[in-house]
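Quick one: the structure is below, and I'll ask about it shortly.
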Amino acid sequence: ILNVEQSPQSLHVQEGDSTNFTCSFPSSNFYALHWYRWETAKSPEALFVMTLNGDEKKKGRISATLNTKEGYSYLYIKGSQPEDSATYLCAFMRASGTYKYIFGTGTRLKVLA
Amino acid sequence: DAGITQSPRHKVTETGTPVTLRCHQTENHRYMYWYRQDPGHGLRLIHYSYGVKDTDKGEVSDGYSVSRSKTEDFLLTLESATSSQTSVYFCASTTPGNSPFHFGNGTRLTVT
């Protein structure tokens with residue numbers, strides 16, 4: 001069983017604060033890592049697809065980095081806004097040919113106005 | 001959007017009854033997935049499909065079966081529903097390569 005862990009489980013930040021959270025995954029046979037944003041009562045929405053060690057992706061105030069050798073990815077939010085409140089999920093796939101993605105349990109972010 | 005829809009959106013059923021959830025996508029995606037969402041567990045993979053009639057088990061496949069007779073449809077069946085299968089079920093699809101998932105809107109299933 002693959003272990004994909006996210007930390008912290010939840011956090012509260014003030015509007016304007018910058019924050020980051022972590023996705024940890026097995027460091028062997030890496031294929032891809034995805035980040036998703038999931039608002040309550042909606043479906044997860046893709047943020048980033050990361051495939052290469054050292055990848056850095058950015059979308060507006062949100063960015064992500066990838067370290068496949070040590071098995072982690074960071075998601076950063078700069079200048080958090082209340083509309084950033086959501087659960088952030090990562091999903092990992094191993095290069096085993098099965099195309100099976102395993103999700104972490106998510107980090108629930110609450111941005112206080 | 002990928003045009004992926006789930007039906008029904010909500011269902012209440014009794015323990016021991018069979019239940020089938022349907023996922024339909026219009027994007028000709030090869031890969032389709034069924035996940036369940038439970039508090040504290042995130043999304044857990046039940047079954048997935050890598051082509052018509054090609055399926056495989058995920059992390060929590062016991063008590064579930066799937067079928068994929070057409071590219072666009074992926075059915076999840078609970079042969080005899082149990083209360084532990086009360087959950088929100090999400091279907092997702094994607095193409096081979098480094099493409100993200102497109103998710104359906106979820107099906108909330110309650111087994112009484």
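These numbers were taken from a predicted model, which means no experiment stands behind them. So you know, we letter chains A, B, ... as the sequences are listed, proteins then strands, and number each from 1. Because only heavy atoms are used, hydrogens play no part in the values below, and waters and symmetry mates are left out as well, while side chains stay in.
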Does the ring centre of Y50(B) sit less than 6.0 Å away from the ring centre of Y99(A)?
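Not under 6.0 Å, so no.
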Return yes if some donor-acceptor pair links the side-chain N/O of T105(A) with the main-chain N/O of G42(B) below 3.5 Å, else return no.
no
Take Y31(B) and Y101(A) through the test side-chain contact (heavy atoms from CB on, under 4.5 Å) and record every step on the way to the result.
CA-CA 11 Å; Y31(B) 295 91; Y101(A) 276 90; over 6 Å; no
Atom CD of E39(A) with >12 non-hydrogen neighbours under 6.0 angstrom
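Counting other residues, nucleotides and ligands, CD of E39(A) exceeds 12 neighbours.
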Heavy-atom nearest pair, P44(A) first then L43(B), reads CG-CD1, 4.3 Å
R108(B) CZ: over 12 foreign heavy atoms closer than 6.0 Å
no
Which pair of non-hydrogen atoms, one from S43(A) and one from G104(B), has the smallest distance, and what is that distance?
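Heavy atoms of S43(A) and G104(B) come nearest at OG-O, 2.5 Å.
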Treat each ILVMFWY residue as a node, draw an edge where side-chain heavy atoms are under 4.5 Å apart, and state whether V60(B) and L89(A) are in one component.
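No, V60(B) does not connect to L89(A) through the hydrophobic network.
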Do V111(A) and Y76(A) land in one hydrophobic cluster if side-chain heavy atoms of ILVMFWY residues count as linked below 4.5 Å?
no
Please classify the contact of T94(B) with chain A as side chain, backbone, both or neither, using a heavy-atom distance under 4.5 Å.
side chain
Spacing of E59(B) atom CD and F103(A) atom CZ [to the nearest 0.5 Å]:
10.0 Å
same_hphob_cluster(Y35(B), Y48(B)) at 4.5 Å side-chain heavy-atom cutoff
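They do share one cluster, since a chain of ILVMFWY contacts under 4.5 Å joins Y35(B) to Y48(B).
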Please tell me whether V13(A) and I77(A) are part of a single hydrophobic cluster in this structure, the criterion being side-chain heavy atoms less than 4.5 Å apart.
yes
Side chain from CB out, backbone as N, CA, C, O: work out which of these in W35(A) comes under 4.5 Å of a heavy atom of chain B, or both, or neither.
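Neither part.
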Shortest non-hydrogen separation from K57(B) to K100(A) and the atoms involved
O-NZ, 3.4 Å
Answer yes or no: is there a donor N or O on one side and an acceptor on the other, between the side chain of Y36(A) and the main chain of F101(B), under 3.5 Å?
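Checked: pair present.
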Cluster question for you: counting only ILVMFWY and a side-chain heavy-atom cut-off of under 4.5 Å, with indirect links fine, are L78(B) and L45(B) together?
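L78(B) does not cluster with L45(B).
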